[in-house]
Asks: 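Below are the structure tokens for one structure; questions will follow.
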Protein chains: 2
Amino acid sequence: MTMTQDADGPRPAPTLEMVAALAGVSRATVSRVVNGSPKVDSELAQAVRKAIQALDYTPNRAARSLAKRRANAVTLIVPEATSKVFADPFFATIVQGIALHLADTDYTLNMVISSESKPEKTRSFLLGGNVDGVLVVSHHSGDHSWTHLSGSLPMVFAGRPFVGGNESYFVEVDNEEAACNATRRLVSSGRQHLATIAGPQDMPPGIDRLAGWRTAVREAGLPDGLVEFGDFTLASGAQAMQRLLDRNVPIDAVFAANDQMAAGAYTAIQGRGLRIPQDIAVVGFDDDSFATSVTPPLTTVHHPITELGKKMAETLVNLIEGRPAERVTRLPTTLVVRDST
Amino acid sequence: MTMTQDADGPRPAPTLEMVAALAGVSRATVSRVVNGSPKVDSELAQAVRKAIQALDYTPNRAARSLAKRRANAVTLIVPEATSKVFADPFFATIVQGIALHLADTDYTLNMVISSESKPEKTRSFLLGGNVDGVLVVSHHSGDHSWTHLSGSLPMVFAGRPFVGGNESYFVEVDNEEAACNATRRLVSSGRQHLATIAGPQDMPPGIDRLAGWRTAVREAGLPDGLVEFGDFTLASGAQAMQRLLDRNVPIDAVFAANDQMAAGAYTAIQGRGLRIPQDIAVVGFDDDSFATSVTPPLTTVHHPITELGKKMAETLVNLIEGRPAERVTRLPTTLVVRDST
DNA sequence: TTGTAAGCGTTATCAG
DNA sequence: CTGATAACGCTTACAA
């Protein structure tokens with residue numbers, strides 16, 4: 001009785017050795033063509049490629065990593081705290097950008113959500129030579145508990161770290177400038193009583209967007225006291241807007257530090273029978289799905305989040321491969337004007 | 001001149017061999033204690049553990065995988081199409097659940113977003129022995145282009161696959177039953193004119209939730225024609241509600257197939273000066289951040305998404321390790337009653 | 001119970 | 001330009 005390949009369990013993947021045999025060359029040669037070495041006879045190369053096709057051969061990553069002392073993998077760290085607050089699409093979108101870029105390289109993306117309870121596990125995973133670089137997306141506060149690793153491993157952050165901003169690699173948009181421009185538009189369209197719903201002041205985006213609003217308001221010679229704070233959630237935006245309205249002072253425009261809070265502001269404004277934009281103009285920040293879902297469609301700052309993720313990945317790969325890389329890359333934003341202003 | 005360890009480049013990670021030397025045992029023994037083999041003298045074990053501590057040793061995954069012919073890694077596949085539609089937190093949340101569970105195992109999670117353009121790359125990665133199992137979360141339609149791999153590799157799906165539901169492993173909630181219960185509550189609270197904003201009919205959740213609504217409506221002897229469809233986005237929910245209202249027939253309750261569409265329905269309803277719940281009761285599905293952000297807080301079906309992710313991971317690991325695993329696990333839902341009904 | 005030694009699939013060095 | 005052959009760091013029979 002002969003062994004036939006039954007459907008019992010996946011048969012082992014073809015190895016480089018098998019390819020070599022089929023092509024009638026040495027393993028070294030196969031390895032060379034697989035890795036695109038220029039110095040290999042083109043006839044042999046053809047033969048090898050044919051064999052690879054025939055066998056549907058894929059190099060074994062583990063063996064490869066072992067031999068090259070390089071994992072060809074990068075890790076995305078998401079602090080557990082951050083991972084719990086995914087009301088906004090920031091995370092998913094940035095991950096998408098990262099994965100999209102990495103798909104064109106031969107780096108693999110692995111994800112860990114780092115529990116603050118036992119960070120050593122994550123730490124030793126990272127330092128155990130299993131990873132060539134690290135991406136940190138902690139939309140949340142300044143908990144960059146990973147900054148210290150940047151001495152041992154290439155790291156790139158999403159957004160300026162709350163601390164250590166002068167040593168770390170990161171990619172962001174110019175939040176202050178973008179907020180300033182958005183606010184200027186409000187001014188130049190004739191609004192006189194500008195308010196803002198600011199984000200948390202322990203997060204760089206919260207800080208910078210408020211600063212941008214202030215700059216624009218002051219340069220217009222207007223008072224800058226109409227500030228209420230939210231935490232980037234829809235509900236907090238609604239509440240902040242209520243507080244603003246409760247002050248009983250004239251308000252004819254409001255800049256919200258993100259679209260979710262802007263959407264919240266909508267409910268508060270419209271709930272009081274006021275009209276957007278006739279009574280109050282609203283501009284947001286992010287240009288996420290809220291911006292178009294809401295009525296009237298929201299004028300907002302386009303935040304290129306996917307690009308941000310791509311750029312993070314690109315920077316990290318450059319770092320890993322010893323190519324020059326920008327320490328801080330700042331992506332451009334644009335104001336997209338819709339019907340709320 | 002002697003070499004001192006300067007801060008030039010990360011020093012190589014300690015190896016098992018170094019641990020063995022320090023502890024005065026053979027590598028085999030170290031390997032045994034690392035892998036928790038029972039048959040090792042407890043004194044030696046202590047010594048080894050001490051050495052591991054001292055050196056801050058972490059096993060090299062590549063080497064380990066190579067030796068055991070097992071990657072200790074699972075891959076999460078996100079179809080590119082799916083990844084573009086992240087208005088709702090489903091993706092982030094389920095990933096969180098997966099990562100959370102995996103954190104307690106020694107499986108690594110890697111993510112690929114599979115471009116439909118060149119699926120072979122993904123395919124060969126998966127089949128190249130780099131991964132022990134696959135998780136597929138394609139919230140989107142029935143594009144389970146991966147089902148065919150399930151012969152070669154353990155796979156678990158998020159939600160019942162549109163096709164192949166009888167062979168695949170998957171975890172889901174009983175959408176039909178949940179929708180039915182939610183609708184029954186509307187009936188039992190005295191509502192007579194029930195409408196629904198259904199999801200896309202090429203997605204199992206869309207289909208099942210509509211079916212559940214129908215069942216409840218029919219068993220109450222009420223007409224089941226008040227149906228409009230959306231695509232699970234806020235905007236589509238608003239539009240569907242407009243169409244419903246435009247029919248100019250009495251409506252005193254509506255079941256939306258998810259919370260985002262319910263939120264959209266809110267704007268349409270309140271935009272016409274109708275009150276929730278006095279004029280129209282609303283119930284949603286998912287219990288995501290919208291449910292509490294909205295005014296009045298939304299009565300909705302709690303969808304245990306994090307648990308879903310955890311269960312997916314758990315099932316997959318069981319499958320990989322040859323333990324028994326449920327082919328379909330259905331997680332319980334609960335109706336959380338807030339102020340919209 | 002512990003150690004020896006033979007792989008695991010690739011890459012890299014070094015002759016030829 | 002090609003082919004032996006020695007690593008790479010760990011696991012695992014097989015001996016002792």
Side-chain angles (χ1 to χ4, degrees), chain A residues 11-49 51-52 55-73 106 108 124-125 127-132, chain B residues 11-49 51-52 55-73 106 108 124-125 127-132:
Chain A
R11 70 179 179 307
T15 72
L16 188 157
E17 170 130 38
M18 300 168 63
V19 176
L22 207 172
V25 299
S26 74
R27 299 180 314 189
T29 298
V30 177
S31 177
R32 290 193 184 97
V33 352
V34 167
N35 292 286
S37 163
K39 29 183 54 180
V40 43
D41 183 89
S42 58
E43 293 215 357
L44 282 196
Q46 277 311 325
V48 171
R49 272 189 274 274
I52 289 181
L55 265 38
D56 191 19
Y57 163 77
T58 313
N60 176 306
R61 293 180 56 83
R64 202 204 278 253
S65 302
L66 188 54
K68 322 178 91 130
R69 248 82 51 87
R70 163 190 275 241
N72 267 281
D106 48 35
T108 253
S124 66
F125 171 73
L127 262 28
N130 307 305
V131 163
D132 304 318
Chain B
R11 69 175 181 309
T15 71
L16 188 157
E17 171 130 38
M18 299 168 63
V19 176
L22 206 173
V25 299
S26 74
R27 300 183 314 193
T29 300
V30 176
S31 176
R32 291 192 183 99
V33 353
V34 166
N35 294 288
S37 163
K39 29 183 51 182
V40 44
D41 183 88
S42 57
E43 294 215 356
L44 281 195
Q46 276 311 323
V48 170
R49 272 189 275 272
I52 290 181
L55 265 37
D56 192 18
Y57 164 78
T58 313
N60 177 306
R61 293 180 55 85
R64 200 201 278 249
S65 301
L66 188 54
K68 317 178 94 131
R69 250 82 54 85
R70 161 190 276 243
N72 266 278
D106 47 36
T108 253
S124 67
F125 171 73
L127 261 30
N130 307 305
V131 164
D132 304 318

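A, B, ... follow the sequence lines: proteins, then strands. Residue 1 opens every chain.
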Asks: Below 4.0 angstrom from OP1 or OP2 of dT11(C), is there any side-chain N or O of Arg64(A)?
Replies: yes
Asks: Please determine whether any donor N or O and acceptor N or O are separated by less than 3.5 Å between the side chain of Arg32(B) and the base of dG3(C).
Replies: yes
Asks: What's the closest nucleotide to the Thr29(B) side chain, out of dT2(D), dT1(C), dG3(C)?
Replies: dG3(C)
Asks: Look at all strands and tell whether Ser31(B) reaches a base, only sugar-phosphate, or nothing, counting heavy atoms closer than 4.0 Å.
Replies: base
Asks: Phosphate oxygens OP1/OP2 of dT11(D): is one of them under 4.0 Å from a side-chain N or O of Asn35(B)?
Replies: yes
Asks: Compare the minimum distances between each of dT2(D), dT2(C), dC8(D) and the side chain of Val40(A), then state the nucleotide with the smallest one.
Replies: dT2(D)
Asks: Between dT11(D), dG9(C), dA4(D), which nucleotide has the shortest distance from any of its atoms to the side chain of Lys68(B)?
Replies: dT11(D)
Asks: Val48(A) pairs by side-chain contact (heavy atoms from CB on, under 4.5 Å) with which of Val34(A), Val33(A), Val40(A)?
Replies: Val33(A)
Asks: Without decimals, in angstroms, what is the distance between Arg69(A) CZ and dA7(D) P?
Replies: 11 Å
Asks: What is the nucleic acid contact for Val25(A), judged by heavy atoms within less than 4.0 Å: base, sugar-phosphate only, or nothing?
Replies: sugar-phosphate
Asks: Toward the 5' end of DNA chain D, which comes first, Arg27(A) or Ser42(A), by nearest nucleotide?
Replies: Ser42(A)
Asks: Please compare Lys39(B) and Thr58(A) by the position of their nearest nucleotide in DNA chain C and report the one closer to 5'.
Replies: Lys39(B)
Asks: So, OP1 or OP2 of dG9(D): does either fall under 4.0 Å of a side-chain N or O from Thr15(B)?
Replies: no
Asks: Taking the side chain as C-beta and beyond, is there a heavy-atom pair between Pro14(A) and Val19(A) under 4.5 Å?
Replies: no
Asks: Report the distance from atom CD of Glu43(A) to atom C1' of dT2(D), rounded to the nearest whole Å.
Replies: 15 Å
